[in-house]
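Remarks on the structure that follows.
It should be emphasised that the depicted structure is a prediction, and the values quoted were computed from it without experimental measurement. One-based numbering along the sequence shown.
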Amino acid sequence: MFSLEWPFVRDLINHIKLVHPDVVIVAGGEHVTALPEFSLRDCGNIDFIVRGEGELAFASLLECLENSSAPDKLAGLSYLQQNRYVETLPVRRERVLDTFYEPAWDLVPLEDYLSGKIMTGVDLGRSLPMIASRGCPYQCTFCSNPQMWGTLWRARSPAAVVDEMERYVDLYDIENFDFHDLTAIVKRSWIIEFCQLLIERELNITWQLPSGTRSEAIDAEVCELLARTGCAYMNYAPESGSERTLERIKKKIDKQRMLDSMRNAVEKCICVKANFILGFPHETLKDVVQTYWFAIKMSWLGIHDASFFPFSPYPGSQLFRDVLARGEITLDDEYFYSLSQYTDPRYAKSYAPKFSKNRLRLLCLLGMALFYSVNYLRRPGRFLSLLNQLKTDSGTTKLSSSILRVLKKREQLEQTAK
């Protein structure tokens, strides 16, 4: 659960408590981990919060409640006791992830999601989400990972991940897997072993990395393996082309190495996307122009998609704490709605003194226009392919998939109105 969803989740909790006043409600996830006391006071119907990595802490809490014992000795909990905020010691990070159970998909109306094409990446058929690792060794100041998952990168064994994928293919006729890891490819030996196992199993599936990944371990050999195993879509997260910005946000990337990695992926016919963020508090027009130039280089060498998002100070991140300390944030519904500005420009807000919110929105749109103009002028066939995908309702890039989703949503709204 992320903070942009908080107003809706809070209202849902209140409705649950209204219908079932005797149930114990426990909340977990990114939002309540970042703002535990606020969440408890903003939604008085939450009984307990499990902070951070929650499986074992939640199980211990259930045992504690069953035995009617005090929870103050358990790790990773937050709660109110006679209106006094109580926070126990942080939970211990689990290093061996293979001990956790797989998701109980049999308890979910899974077919509704599969037939509804609910996914994060591009539409490659019946898709299920996967998690192969936790944590991220980097400490970007705009990211909530250090507080939620920690900077220790831990991965399940490649065999366990492939075994799970194979079961889903057999049980649910899954054709594609969306990996939602924070940083999926960190250890080169891990991804090579994973790909080799997929080749041995001959699962005849596609898979993608829509949440973003690093470029350090993705060289020509790795790209060859990714392509052979059906990796069809990969999202890089450079965030900026300005060296000053990269240093300020602690985004440790080698820009040339990232370009080389992207080139290798494109040559293996993997669809590649890049994410950029504009409007960090320190940024000027010079920083934005440098980001544009980096994006144009990517477009020229052949990556397929790019997104330019306005900066949002996300709870749990260092930049959120900085902006909050300056009094630029009020923790109300308007602020939480503003976190969705990357998908809904109505809530756009700028935290950069040099840019108004309208100017920042225009800068993001201009970045997109520059990227795709270069892309289609250099490769006119891609524009014709986009038109064909829209005509045949088959999106293989993020742009075409996003346009198709918007058109379908508009069609559904028109039918509902009738």
Side-chain angles (χ1 to χ4, degrees), residues 120-123 142 210 212 233-246 249 251 253 255 258-259 262-263 265-266 270-280 283-312 338 340-352 354-391 395-410:
T120 305
V122 297
D123 182 4
F142 58 87
Y233 175 79
M234 192 158 51
N235 201 337
Y236 289 79
E239 317 303 357
S240 177
S242 162
E243 290 292 346
R244 187 173 77 108
T245 292
L246 292 172
I249 65 175
K251 185 75 180 185
I253 64 168
K255 292 194 293 185
M258 179 172 284
L259 292 173
M262 289 177 169
R263 183 181 293 107
V266 170
I270 299 173
C271 186
V272 177
K273 178 176 181 285
N275 286 340
F276 294 96
I277 299 174
L278 300 181
F280 287 105
E283 283 201 313
T284 65
L285 190 58
K286 181 179 179 181
D287 297 303
V288 172
V289 170
Q290 289 173 347
T291 297
Y292 285 166
W293 182 239
F294 193 32
I296 288 171
K297 287 182 178 180
M298 293 178 182
S299 184
W300 185 262
L301 65 83
I303 77 167
H304 303 75
D305 285 310
S307 291
F308 289 79
F309 300 124
F311 163 72
S312 294
S338 76
S340 66
Q341 63 180 312
Y342 68 96
T343 57
D344 193 337
R346 291 178 300 169
Y347 302 114
K349 187 174 181 180
S350 175
Y351 295 89
K354 298 292 184 180
F355 309 129
S356 67
K357 67 177 184 180
N358 288 331
R359 188 182 187 193
L360 182 56
R361 287 169 58 186
L362 287 173
L363 288 172
C364 290
L365 290 173
L366 178 58
M368 298 277 286
L370 286 170
F371 176 88
Y372 285 106
S373 296
V374 172
N375 211 289
Y376 293 146
L377 286 172
R378 180 161 166 75
R379 295 172 177 81
R382 286 190 178 178
F383 183 70
L384 298 176
S385 177
L386 171 65
L387 297 178
N388 184 61
Q389 290 174 48
L390 297 180
K391 182 179 179 181
T396 59
T397 67
K398 190 62 175 178
L399 179 62
S400 59
S401 295
S402 298
I403 293 174
L404 285 170
R405 289 178 192 174
V406 170
L407 293 175
K408 288 178 182 177
K409 185 176 291 185
R410 180 177 296 178

How many angstroms lie between atom CZ of R382 and atom CG of L384, to the nearest 0.5 angstrom? 12.5 Å
For P238 and F294, which heavy atoms make the closest approach, and how far apart are they? CB-CE2, 3.8 Å
Do F371 and F276 come close enough that some side-chain heavy atom pair is under 4.5 Å? no
Roughly how far, to the nearest 0.5 Å, is CZ of R378 from OG of S373? 15.0 Å
Between M234 and A265 the two heavy atoms that sit nearest each other are CE-CB, 3.7 Å
Strictly distance-based, threshold 3.5 Å: is any side-chain N or O of S385 a donor or acceptor partner for the main-chain N or O of G381? no
Evaluation steps, side chain to side chain contact (heavy atoms under 4.5 Å, CB included), between L285 and R359: CA-CA 11 Å; L285 190 58; R359 188 182 187 193; 3.9 Å; yes
Any side-chain heavy-atom pair from I303 and K273 closer than 4.5 angstrom? no
4.5 Å side-chain heavy-atom contact, Y233 and S401: no
Hey, does the side chain of K398 reach the backbone of P210 with a donor-acceptor pair shorter than 3.5 angstrom? no
Sequence neighbours excluded, every pair satisfying salt bridge (Lys or Arg N to Asp or Glu O under 4.0 Å) that has a member inside residues 287-300: R244-D287
How long is the straight-line distance from CD of E239 back to CZ of F309, given to the nearest 0.5 Å? 9.5 Å
Mark yes or no for whether S400, through its side chain, and L386, through its backbone, hold a donor-acceptor pair below 3.5 Å. no
Quick check on K357: does its NZ atom have over 12 non-hydrogen neighbours (other residues, nucleotides or ligands) under 6.0 Å away? no
Can you tell me if R379 uses its side chain to pair, donor with acceptor, with the backbone of W300 under 3.5 Å? yes
Test L278 against F355 for side chain to side chain contact (heavy atoms under 4.5 Å, CB included), laying out the working first. CA-CA 10 Å; L278 300 181; F355 309 129; over 6 Å; no
Side chain to side chain contact (heavy atoms under 4.5 Å, CB included) between M298 and M258, intermediate numbers included: CA-CA 9 Å; M298 293 178 182; M258 179 172 284; 4.1 Å; yes
Results of salt bridge (charged side-chain N to carboxylate O under 4.0 Å, His left out) for K354 - residues two or more places apart only: none
Do you know the tightest heavy-atom contact between S307 and M368? CA-SD, 3.6 Å
Point-to-point distance, once rounded to the nearest 0.5 Å, from OH of Y236 to CG of D305: 14.0 Å
Rounded at 0.5 Å granularity, tell me how far OH in Y372 sits from CG in L399. 4.5 Å
If you round to the nearest 0.5 Å, how far is CG of N375 from CG of L370? 12.0 Å
Any luck finding a side-chain donor-acceptor pair between S240 and T291 under 3.5 Å? yes
Describe, in one word, how the ring planes of F311 and F280 are oriented to each other, choosing from parallel (under 30°), tilted (30 to 60°) and perpendicular (over 60°). tilted
Would you find a donor on one side and an acceptor on the other, under 3.5 Å apart, between the side chain of K255 and the backbone of G241? yes
